[in-house]
Amino acid sequence: MASTSAEIIAFLLTISGWVLVSSTLPTDYWKVSTIDGTVITTATFWANLWKTCVTDSTGVSNCKDFPSMLALDGYIQACRGLMISAVCLGFFGAVFGLLGMKCTKVGGSDQTKAKIACLAGLMFILSGLCSMTSCSLYANRITSEFFDPSFVAQKYELGAALFIGWAGASLCIIGGIIFCFSIAENSNSARRGYAYNGATSVMSSRTKVHNSVPDKTPPKHFDKNAYV
């Protein structure tokens, strides 16, 4: 029962993390910068993995898509690949997680379901690591440019999408670890379920059979001459 509850909690954590990771990929604010006037913000610059935009004080945005994937910076290409890999791994991890949970009717025996659940946990851990690496790589580029005194172009700060990606990656990793521990719990329960009672000798078995059969021999009646 405890293992089933742990698997349900792990599945909820991993699904929540995968949804957050998936929503991070198209989110706008991976990095953001503002130009402040005397009273209001005159312009907001922001960018993600697909485009760079500027929003004026009236709320009108002008965006420019990245022209070519081959002409992009290396860190943007790496972040794209890692985030897409994280989403795909999380999808297959969710499918295997449903098959490997004890509360579902598909997947085979308990041992087979435990192995499938462990595989789902590994996929979720890899998904979380890919998302964590992508967000960290992008954040490292932003911070290195921000604190570089020789960098004269527009400087950005960390956007909300990075924090969402880190949160989703953490949930995927935690839930994946719980899934991986389920195979150990199933193996321990299988060992405790088998008890060895020792070998039974032939004589003891015959004695048990003899004692279990009621004695149907009629009682003997003795007359007075039998005691003489």
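The residues of the chain are indexed from 1 along the displayed sequence.
Put simply, the side chain of S23 gets close to the backbone of L20: a donor and an acceptor are under 3.5 Å apart. Put simply, the side chain of S144 gets close to the backbone of R141: a donor and an acceptor are under 3.5 Å apart. A donor-acceptor pair under 3.5 Å links the side-chain atoms of K113 to the main chain of M101, judged by distance alone. Listed for the S170 side chain is a donor-acceptor partner under 3.5 Å among the backbone atoms of W166. A distance-only check finds a donor-acceptor pair linking the side chain of S33 to the backbone of K155 [under 3.5 Å]. A donor-acceptor pair under 3.5 Å links the side-chain atoms of E7 to the main chain of K102, judged by distance alone.
Around atom CZ of F92, no more than 12 heavy atoms belonging to other residues, nucleotides or ligands sit under 6.0 Å away. Within a 6.0 Å radius of CD in E157, other residues, nucleotides and ligands contribute 12 heavy atoms or fewer. F151 CZ: more than 12 foreign heavy atoms inside a 6.0 Å radius.
Contact of the F179 side chain with the T14 side chain is registered, since non-hydrogen atoms from C-beta on lie closer than 4.5 Å. Counting heavy atoms from C-beta outward, I76 and F66 have side chains that approach closer than 4.5 Å. Between T24 and S134 there is no side-chain heavy-atom pair separated by less than 4.5 Å. A 4.5 Å side-chain heavy-atom check between I178 and L13 finds at least one atom pair inside the cut-off. Annotation: side chain of L25 is in contact with side chain of L49 (closest heavy-atom distance under 4.5 Å). When side chains are defined from C-beta on, T52 does not count as touching F45, because their heavy atoms never get closer than 4.5 Å.
The aromatic rings of Y29 and W46 are tilted relative to each other, their planes meeting at an angle between 30° and 60°. Under the 30°/60° scheme for interplanar angles, the aromatic rings of W30 and Y138 are found to stand perpendicular.
Two different hydrophobic clusters hold F91 and L82 under the rule that ILVMFWY side chains link at heavy-atom gaps under 4.5 Å. Linking Ile, Leu, Val, Met, Phe, Trp and Tyr whenever their side-chain heavy atoms come within less than 4.5 Å leaves I164 and L129 in two separate clusters. Residues L122 and F11 do not share a hydrophobic cluster, defined by chaining ILVMFWY side chains whose heavy atoms lie under 4.5 Å apart. In the hydrophobic cluster analysis, where Ile, Leu, Val, Met, Phe, Trp and Tyr join through side-chain heavy atoms closer than 4.5 angstrom, I8 is grouped together with I15. Linking Ile, Leu, Val, Met, Phe, Trp and Tyr residues whenever their side-chain heavy atoms come within less than 4.5 Å leaves I173 and L89 in two separate clusters.
One distance of note links CG of D28 with CH2 of W50; it measures 13.0 Å at 0.5 Å rounding. Here the straight-line distance linking atom OG1 of T27 with atom CE of M83 works out to 8.5 Å at 0.5 Å rounding. Distance check: D73 CG to C79 SG gives 10.5 Å after rounding to the nearest 0.5 Å. The OG1 atom of T143 sits 11.0 Å away from the CG atom of D148 when rounded to the nearest 0.5 Å. Between the CD atom of E145 and the CG atom of N140 there is a distance of 10.0 Å, given to the nearest 0.5 Å.
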For this session: Using the side chain to side chain contact (heavy atoms under 4.5 Å, CB included) rule, take F163 and L158 through it: C-alpha gap first, then chi angles, then the decisive distance, then the call.
Result: CA-CA 8 Å; F163 298 98; L158 302 180; 4.1 Å; yes
For this session: Go through the steps for N62 and D56 under the test side chain to side chain contact (heavy atoms under 4.5 Å, CB included), then give the verdict.
Result: CA-CA 9 Å; N62 295 317; D56 59 17; 5.7 Å; no
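With 2.5 angstrom as the limit on SG-SG distance, C53 and C63 come in below it.
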